[in-house]
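Down below is the structure, laid out as structure tokens.
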There are 2 protein chains.
Amino acid sequence: MNNPSLYKGILRPIVIRLLEENKKMYGFEITREVKSLTAGRVKITEGALYPLLHSLEAEGVLESEQQFVDNRMRKYYKLTPRGKKVSEHSFGEITEFITHLQNIFNLKPA
Amino acid sequence: MNNPSLYKGILRPIVIRLLEENKKMYGFEITREVKSLTAGRVKITEGALYPLLHSLEAEGVLESEQQFVDNRMRKYYKLTPRGKKVSEHSFGEITEFITHLQNIFNLKPA
DNA sequence: TTGCCATACCTAAGATTCTTATGTATATTT
DNA sequence: AAATATACATAAGAATCTTAGGTATGGCAA
């Protein structure tokens with residue numbers, strides 16, 4: 001992506017949001033989805049994603065389930081009930097975050 | 001602020017943008033301005049700000065000038081000519097960043 | 001007049017979050 | 001046969017911040 005450091009701190013809410021909208025996803029799918037939603041400009045690295053998924057599961061925000069498709073392992077993640085609450089809160093923070101950015105950068109839509 | 005880690009990586013473009021719009025500012029003023037632009041929600045810590053200002057100056061993006069007001073030192077910063085080019089580029093990155101967030105979080109303004 | 005808050009600068013240690021590099025394995029395409 | 005895509009994973013190090021301190025001046029309230 002253009003400037004990776006802009007996205008520092010934003011990966012966690014992205015993952016939570018995608019799982020809220022798509023019910024269940026596996027890691028590799030998340031990286032593809034983000035690429036697709038940003039015209040190939042935002043590339044989530046696996047070195048960031050997989051440890052994050054593990055810690056979200058450890059926190060009880062996500063739960064996982066393994067499946068085999070075409071003889072390849074997939075680890076599907078979905079939000080737990082607690083994760084759904086976290087998701088609502090996280091979404092509120094993000095909308096506020098974007099509003100703040102628009103204020104600071106004088107980008108308020110007319 | 002609500003979730004500080006969201007703002008990781010965003011401080012540098014904020015400082016550059018404010019200096020582009022305000023011609024010259026001192027550190028403490030920057031923290032107040034950001035607070036004011038975000039209804040008190042975003043608080044830049046001095047431990048992040050001052051080292052950043054120093055490194056931006058070392059990079060040749062900013063230049064500084066000291067003044068005494070009411071017997072208190074102020075260090076005013078402004079963009080160098082090179083800083084102005086950096087500012088344009090940085091602004092482009094931020095607008096793209098916000099667009100990507102709106103895509104990912106499904107927040108496109110109607 | 002003493003203590004507290006605001007202004008105004010600064011640094012250092014540590015936490016958090018990422019990148020980069022590497023590893024394993026299977027399936028498909030060239 | 002080799003490269004590319006899929007799909008998981010970890011570890012070392014870089015980048016960016018928070019937290020916690022420090023120095024100093026000025027104004028206000030107890």
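Just so we're on the same page: letters track the sequence lines, and every chain starts at 1. None of these values were measured; they are calculated from a predicted model.
Along DNA chain D, the nucleotide closest to A:Val69 and the one closest to A:His54 are compared, and the more 5′ of them pairs with A:Val69.
Nucleic acid contact class of A:Leu53 (heavy atoms, under 4.0 Å, all strands): none. Note on B:Ile10: only backbone sugar-phosphate atoms sit closer than 4.0 angstrom, heavy atoms only; bases stay farther off. No engagement by A:Glu29 is indicated, since no non-hydrogen atom pair under 4.0 Å with the nucleic acid exists. Within the 4.0 angstrom heavy-atom criterion, base atoms lie near B:Thr45. Within 4.0 Å (heavy atoms only), B:Leu52 reaches no atom of the nucleic acid at all. Here A:Gly47 lies in heavy-atom contact (under 4.0 Å) with a base.
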side-chain contact (heavy atoms from CB on, under 4.5 Å) for B:Gln66 and B:Tyr76? Distances and angles first, verdict last. CA-CA 6 Å; B:Gln66 296 191 21; B:Tyr76 279 96; over 6 Å; no

Does A:Glu57 form a side chain to side chain donor-acceptor pair (under 3.5 Å) with A:Ser64? I'd like the steps, not just the answer. CA-CA 8 Å; A:Glu57 185 167 23; A:Ser64 69; 2.8 Å; yes

Go through the steps to decide whether B:Glu63 and B:Thr80 satisfy the test side chain to side chain donor-acceptor pair (under 3.5 Å), and finish with yes or no. CA-CA 6 Å; B:Glu63 58 191 354; B:Thr80 61; over 6 Å; no

If you apply the rule side-chain contact (heavy atoms from CB on, under 4.5 Å), what do you find for B:Arg12 with B:Val86, and how did you get there? CA-CA 11 Å; B:Arg12 186 189 150 105; B:Val86 170; 4.2 Å; yes

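Contact annotation: A:Arg12 does not reach the phosphate of C:dT16 (side-chain N/O to OP1 or OP2, under 4.0 Å). For D:dC8, the OP1/OP2 oxygens have a side-chain nitrogen or oxygen of A:Tyr50 closer than 4.0 Å. One finds no side-chain N or O of A:Tyr7 lying less than 4.0 angstrom from the OP1 or OP2 phosphate oxygen of C:dC18.
Taking all atoms of both residues into account, the shortest heavy-atom contact from A:Gly27 to A:Leu49 is O-CD2, 3.3 Å. The two residues A:Leu37 and A:Leu18 make their nearest non-hydrogen contact at CD1-CD2, 3.9 Å. When every heavy atom of A:Tyr7 is checked against every heavy atom of B:His100, the shortest pair comes out as OH-ND1, 3.0 Å. The heavy-atom pair separating A:Ile44 from A:Val34 by the smallest distance is CD1-CG2, 3.5 Å.
Ring pair A:Phe97/B:Phe97 is perpendicular by interplanar angle, where above 60° counts as perpendicular and below 30° as parallel.
Rounded to whole Å, the distance from CD1 on B:Ile14 to C1' on D:dT16 is 13 Å. Between A:Leu49 atom CG and C:dA21 atom P there is a gap of 19 Å when expressed in whole angstrom units.
Of all nucleotides listed (C:dT7, C:dT19, D:dA7), C:dT7 comes nearest to the side chain of B:Phe28. Nearest to the side-chain atoms of A:Arg74 among the listed nucleotides D:dA7, D:dT10, C:dA8 stands D:dA7.
Not a single donor-acceptor contact under 3.5 angstrom links the side-chain atoms of B:Lys8 to the base of C:dT17.
Summary of helix geometry: the two end axes of the helix from C:dT1-D:dA30 to C:dT30-D:dA1, each defined by five base pairs via their C1' atoms, are inclined to each other by 10° (rounded to 10°).
To the nearest 0.5 angstrom, A:His54 atom NE2 is 10.5 Å from A:Leu62 atom CG.
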Collect all protein-nucleotide pairs involving nucleotides 24-27 of chain C in which both atoms are nitrogen or oxygen and the distance is under 3.5 Å.
from   : atom 1 : to      : atom 2 : distance (Å)
C:dT26 : O3'    : A:Asn71 : ND2    : 3.1
C:dT26 : O2     : A:Arg72 : NE     : 3.1
C:dA27 : OP1    : A:Asn71 : ND2    : 2.9
C:dA27 : O4'    : A:Arg72 : NH2    : 2.8

